[in-house]
Number of protein chains: 2
Amino acid sequence: MTISFGSGRSRLVQMKQRIDECREQPDDDENCPVRGIMDRIGSKWSVMLIMVLAERPHRYGEIRRAVPDISQRMLTQTLRELQQDGLISRHVHPTTPPTVEYRLTQLGLTLLDPLSGLLNWAETHSEAIVAARLAYGAADGRVDPGLQSAV
Amino acid sequence: MTISFGSGRSRLVQMKQRIDECREQPDDDENCPVRGIMDRIGSKWSVMLIMVLAERPHRYGEIRRAVPDISQRMLTQTLRELQQDGLISRHVHPTTPPTVEYRLTQLGLTLLDPLSGLLNWAETHSEAIVAARLAYGAADGRVDPGLQSAV
DNA sequence: CCGAATCCTTACCGATACTG
DNA sequence: CAGTATCGGTAAGGATTCGG
């Protein structure tokens, strides 16, 4: 995007201030939605389902086939959560047998850009991260979390 | 801005293809790092610690004071994970008492931009999401997940 | 075809106490 | 100051079974 490179830092600092303010009011939930949203993003299957629906609207069984290693329990539950957040919508066609179609909402579409930005970062730097994980705990098998200064 | 609006969608679809390929090989771990990275991002404290260190390098106790509601167990554990991924570095100054400073690495700095993009999205649309959560389960208290067609 | 409901096994994570 | 070690409650999530 057109925003300069160093902008991420200052925006993050401002963000932290706002989240800190949330902690002041012990209302527990509802007052700091950013935290809840990030938890949702980080949940095991949300991003995967969003990616599937980003391609095109899908029926329930289609999603199930597109993501074979999800249990129907978690598929339904995650769909409900995303629906509850207004990111996807559920459309029932009164046919026999019933046909249910899920698709991204307008709100869900706006998420695609920042989300793909993060995923692109993950893919771009995945090799560096795997390398870092291997380098950690180096030496002769000794696990010595002592001093190290790799910038 | 040079990037068109719908770019997020196509990039996400491509991303899904690559993650699907990862599932083909049952090596379980190491072969699909994107999944692991996203889990890390979504973990409870990682983003918060990154935000703190985005401001400036911090000592252990400083982070602890900056994030009061984290246990020292999770603080140390999350710091180790981020260090292992090469996102932060740990510097021990051999003083008495010991002084340990954490800071973002070059790799960690590159994460700030896409991460702040996502956080900005979360903050921007937080009201819409809260509204959607309230709207879900509307009517007279009846929870009827039947048919609905809000976009 | 599209779910809901139940059971049950893990892992996360907080609290607490102890070390160098 | 900057951690490590251990215990235990809780909740996420998989397998399975039943319903409309």
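Since the structure is predicted, the reported quantities are computational estimates derived from the model, not experimental observations. Numbered from 1 within each chain, the chains take letters A, B, ... in sequence-line order.
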Heavy-atom closest pair (A:Ile70 atom, A:Arg64 atom, distance to 0.1 Å) is O-NH1, 3.6 Å
B:His93 NE2 to D:dA2 P, in whole Å, measures 10 Å
Looking only at atom types and distance, does a side-chain atom of A:Arg40 sit under 3.5 Å from a main-chain N or O of A:Ser46, one as donor and one as acceptor? no
Rounded to whole Å, CG of B:Leu79 lies from C1' of D:dT4 at a distance of 14 Å
Looking at A:Arg59, does any N or O in its side chain come under 4.0 Å of the phosphate oxygens OP1/OP2 on C:dC1? no
Taken to the nearest whole Å, CZ/B:Arg64 to P/D:dT4 is 13 Å
Rounded to whole Å, the CG-C1' distance (B:Leu75 to D:dA2) equals 10 Å
With five pairs defining each end axis, the helix from C:dC1-D:dG20 to C:dG20-D:dC1 comes out bent, to 10°, by 40°
When rounded to whole Å, the CD to P distance for the pair B:Glu62 and D:dC1 reads 11 Å
| message | Counting only side-chain nitrogens and oxygens, does B:Arg90 get under 4.0 Å of the OP1 or OP2 atom of D:dA2? | response | no
B:Arg80 CZ to D:dA2 P, in whole Å, measures 12 Å
For nucleotides 8-20 of chain C, 5' to 3', base contacts (B), sugar-phosphate-only contacts (S) and non-contacts (-) with protein non-hydrogen atoms under 4.0 Å give -----BBBBB--B
**Asked** B:Thr105 side chain to B:Gly86 main-chain N or O, any donor-acceptor pair under 3.5 Å?
**Response** yes
Side-chain donor-acceptor contacts of residues 121-129 of chain A below 3.5 Å, not counting sequence neighbours, with atom names and distances?
residue	atom	partner	partner atom	Å
A:Trp121	NE1	A:His125	ND1	3.2
A:Trp121	NE1	B:Thr110	O	3.4
A:Trp121	NE1	B:Thr110	OG1	2.9
A:Glu123	OE2	B:Arg18	NE	3.3
A:Glu123	OE2	B:Arg18	NH1	2.3
A:Thr124	OG1	A:Asn120	O	2.7
A:His125	ND1	A:Trp121	O	3.0
A:Ser126	OG	A:Glu123	O	3.0

A:Tyr60 atom OH is separated from D:dG20 atom P, nearest whole Å, by 17 Å
When rounded to whole Å, the NE2 to P distance for the pair A:His58 and C:dC2 reads 12 Å
Below 4.0 angstrom from OP1 or OP2 of D:dG3, is there any side-chain N or O of B:Tyr102? yes
Nearest heavy-atom contact between A:Lys16 and B:Ala66 is NZ-O, 3.7 Å
TODO: Verify, without hydrogens or angle tests, whether B:Arg9 (side chain) and A:Ala54 (backbone) share a donor-acceptor contact under 3.5 angstrom.
DONE: yes
Between A:Leu12 and B:Ser116 the two heavy atoms that sit nearest each other are CG-CB, 4.0 Å
For this session: Group every Ile, Leu, Val, Met, Phe, Trp and Tyr by side-chain heavy-atom contacts under 4.5 Å, then state whether A:Leu118 and B:Leu107 land in the same group.
Result: yes
task = Check whether B:Leu109 and B:Val47 end up in the same hydrophobic cluster, where Ile, Leu, Val, Met, Phe, Trp and Tyr are linked by side-chain heavy atoms less than 4.5 Å apart.
result = yes
